[in-house]
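Report on the structure given below.
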Amino acid sequence: MAFSRRGVLAGMAAGGGLMLGGCAQEPPTYGNVLRMGDWFTYNAQRMMIPRRALAREYGRGDITSTVAVGTVNPGNDHEAAFNPTAGPLWAQLAAREFAGWALEVVGAVARPGRYSLDTLLRFPARTQITRHTCEEGWSAISEWTGVPLRLVLEHAGIMPGARFVKFETYDLAQDSIDMFDALHPQTILAYGMNGTRLPHGHGAPLRVRVETQLGYKSVKFLRRIVVTEQFDDGGKFGNIAGGYAWFAGI
Amino acid sequence: MVDQHKSASPHARWVRAVHWALAGAVLVLAFSGVMIFMVHPRLYWGLAGNDMTAAWLELPIGPNYRHGGWAPPLHFAPGGHAVISAARTADIFNQNGWARSLHFLAAWLLVGSGLVYAVLALITGHGARNLLPGRDGFAPAVVWADIRAHLGHQAVRPGPPYGVLQRWAYAVVLAAVPVMVCSGLAMSPYVTAGYPWVLDLFGGHQSARSVHFLTFALIALFVVVHLVMVLRTGPLRQLRAMTIGWRET
């Protein structure tokens, strides 16, 4: 897999732009006083936490049992976030062990494209044993294997104005992270978990792992990645409409 | 126009202002904290814990207590390490959308007013003079006399100066607030990425969560005793002293 020099440079420009102008496009403060608190907490964290901070990585012996929550089967029409168009598609793909599945990468990238599982498997892989911290209060330590999101984004060629990365899925959920977290070395597109292929309940065939934020930011059942210049709150199915903080570092 | 009648209170103006800021923060933190805890009323020791691992305490508060909505577990590696995963099949009670954001908003108020309090208590000498137990706090005869006074029927004289038991209560709660803030931060994935020692201070994410809960219980006990003592020592006088004071003639 060859990485274009231009893609890497564009990525650095995007990252550098973020460091210089960090506050040009904030996540929204609209809604109510709680959103303003979220905005303040987000900025306080970005200001006080070293930029190179990595989430704790654990040893094999620390791996714990875990649970799968939220959508655990996008093909099940009883699920709260069932998507009547994409759900049945996921069920068909799951029946074929995801043969024919591909991740779309579009938006503010130089070369929009589709990445099959085989293509993603040919990228350099990263394996990390990290803690999933759920907003509900529980946590679990698992081993995740995948391709750093940064490599995929740089392969697609991040445009200079790109600031956010949005994840679209096979259920109705969608979410986004800022370019700082998207380029973070521990932010990976995971296809493996605890030495096996990503189980259905944990987001097969591909999920993102955002290790410096709470579990709900590690979106499961990825279908499409949209790189954006403007903040997109995800509408009715984004965290903000659901009342949750968009940035979940705490 | 200068008011001839100076407003008098045993509490300095800044003590009164910060008292109510802290009281408001603690009230909102306790309310939102209980809302958050109700989503997962299980506590663990160690690095991580969830419904598939052993809890040291499960509290029967709310609909999520021992809910049975789990699919049969999946084993990751047959014969290998014994970790399992189970998918949740039931909808659970969860108000964390607003409860978490409210909790952190109130936490900012607590940290802000707490810092103002700490700095002013230090420079005015209020802390050492009125709140900390001092040498008397370690004198068994004085402590014993104060215990008997509290158990007796005659009302304890409202302070300041405060008796040693009250000073010990203040000292413990003053120490509990930083523990509360640190154990709260130890649950943050981003804060602990930047400052891993905060996590290690408590021995892991779920240990920090357990400490956070136990320290909450201690502060809640303080608030209950505090309110009972206010009621025992003339609540109207006490409320007035902690708000507008009274006019000297």
Side-chain angles (χ1 to χ4, degrees), chain A residues 32-38 40-41 44-45 48-50 53-56 58 60-70 72-73 80 130-142 186 193-196 199-202 210-215 239 242-245 247-250, chain B residues 36-44 46-53 64 70-71 73-77 80-89 91-92 94-108 184-185 187-196 199-200 204-206 209:
Chain A
N32 53 46
V33 67
L34 296 182
R35 291 285 85 85
M36 288 179 231
D38 291 343
F40 186 71
T41 305
Q45 287 174 90
M48 292 181 204
I49 291 163
L54 294 178
R56 167 69 50 85
Y58 298 87
R60 276 247 155 73
D62 297 325
I63 293 174
T64 67
S65 289
T66 186
V67 293
V69 306
V72 292
N73 176 1
T130 51
R131 193 185 70 244
H132 183 95
T133 308
C134 183
E135 49 81 15
E136 292 170 7
W138 56 267
S139 52
I141 295 172
S142 307
Q186 288 173 319
M193 179 182 184
N194 291 342
T196 67
H200 285 185
H202 291 280
V210 184
E211 304 294 2
T212 50
Q213 294 198 46
L214 292 177
N239 295 327
Y244 284 84
F247 184 78
I250 194 160
Chain B
I36 295 167
F37 187 56
M38 277 173 71
V39 179
H40 193 75
R42 289 164 58 90
L43 290 171
Y44 318 85
L47 304 177
N50 56 69
D51 285 280
M52 298 298 125
T53 70
N64 296 353
W70 298 99
L74 164 105
H75 295 259
F76 281 98
H81 48 72
V83 300
I84 58 167
S85 167
R88 188 158 65 205
T89 55
D91 284 333
I92 62 161
N94 188 336
Q95 293 297 313
N96 276 354
W98 57 265
R100 291 183 60 92
S101 293
L102 184 60
H103 201 66
F104 302 134
L105 194 65
W108 281 117
L185 290 174
M187 287 187 268
S188 153
Y190 194 31
V191 171
T192 56
Y195 307 97
L199 188 59
D200 296 329
H205 175 253
Q206 287 298 333
R209 187 165 167 263

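Values below: all heavy atoms of this structure, side chains included; hydrogens, waters and symmetry mates excluded.
Ranked by heavy-atom pairs shorter than 4.5 Å toward chain B, the options Gly242(A), Gly37(A), Gly249(A) are led by Gly249(A). The residue among Ala53(A), Gly243(A), Ala68(A) with the most heavy atom pairs within less than 4.5 Å of chain B is Ala68(A). Residue with the most contacts toward chain A among Pro189(B), Ala107(B), Ala87(B): Pro189(B) (heavy-atom pairs, distance under 4.5 Å). Among the candidates Asn96(B), Ile36(B), Leu105(B), Val39(B), the residue making the largest number of heavy-atom pairs closer than 4.5 Å to chain A is Asn96(B). Among Asp91(B), Thr192(B), Val191(B), the residue making the largest number of heavy-atom pairs under 4.5 Å with chain A is Val191(B). With chain B as the partner, the residue from Pro199(A), Cys134(A), Ala245(A), Ala248(A) showing the most heavy-atom pairs under 4.5 Å is Pro199(A). Of the listed residues (Asn73(A), Val33(A), Thr64(A)), the one with the most heavy-atom contacts under 4.5 Å to chain B is Thr64(A).
Of the two parts of Met36(A), neither the backbone nor the side chain holds a non-hydrogen atom closer than 4.5 Å to a non-hydrogen atom of chain B. Contact annotation for Glu135(A): both backbone and side-chain heavy atoms come within less than 4.5 Å of a heavy atom of chain B. Looking at Gln186(A), neither its backbone nor its side chain comes within 4.5 Å of chain B, counting heavy atoms on both sides. Proximity to chain A involves both the backbone and the side chain of Trp98(B), based on heavy atoms less than 4.5 angstrom apart. Interface residue Thr66(A): backbone and side-chain heavy atoms are both found under 4.5 Å from chain B. In this structure, chain A has a heavy atom under 4.5 Å from the side chain of Tyr195(B), while its backbone stays farther away. The contact between Ile141(A) and chain B is made by backbone and side chain atoms together, counting heavy-atom distances below 4.5 Å.
Between Arg100(B) and Leu214(A) the shortest side-chain heavy-atom distance falls below 4.5 Å. A 4.5 Å side-chain heavy-atom check between Glu136(A) and Asn50(B) finds every atom pair outside the cut-off. Between Leu102(B) and Leu34(A), the closest side-chain pair of non-hydrogen atoms falls below 4.5 Å. With contacts defined as side-chain heavy-atom distances shorter than 4.5 Å, the pair Leu199(B)/Arg131(A) qualifies.
Scanning all heavy atoms of the two residues, the minimum distance from Thr133(A) to Met187(B) falls at CG2-O, 3.8 Å. Closest non-hydrogen pair, Ser65(A) versus Ile84(B), comes out as OG-N, 3.0 Å. Nearest approach of Tyr244(A) to Gly97(B), heavy atoms of both residues: CZ-N, 3.5 Å. Taking each heavy atom of Ser188(B) and Gln45(A) in turn, the nearest pair found is OG-OE1, 4.3 Å.
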Take Ser85(B) and His202(A) through the test side chain to side chain donor-acceptor pair (under 3.5 Å) and record every step on the way to the result. CA-CA 9 Å; Ser85(B) 167; His202(A) 291 280; 2.6 Å; yes
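Looking at Asn32(A), Thr41(A), Asp38(A) one by one, the single match for side chain to side chain donor-acceptor pair (under 3.5 Å) with Ser101(B) turns out to be Asp38(A).
With sequence neighbours excluded, the residues satisfying side-chain hydrogen bond (donor to acceptor under 3.5 Å, both in side chains) with Gln206(B) are Ser139(A), Arg209(B). Listed by chain and number, the residues in a side-chain hydrogen bond (donor to acceptor under 3.5 Å, both in side chains) with His200(A) amount to none (sequence neighbours excluded).
Remark: the Trp138(A) side chain and the Thr53(B) side chain contain no N/O donor-acceptor pair separated by less than 3.5 Å.
Atom CG of Asn194(A) sits about 9.5 Å away from atom CG of Leu74(B), to the nearest 0.5 Å.
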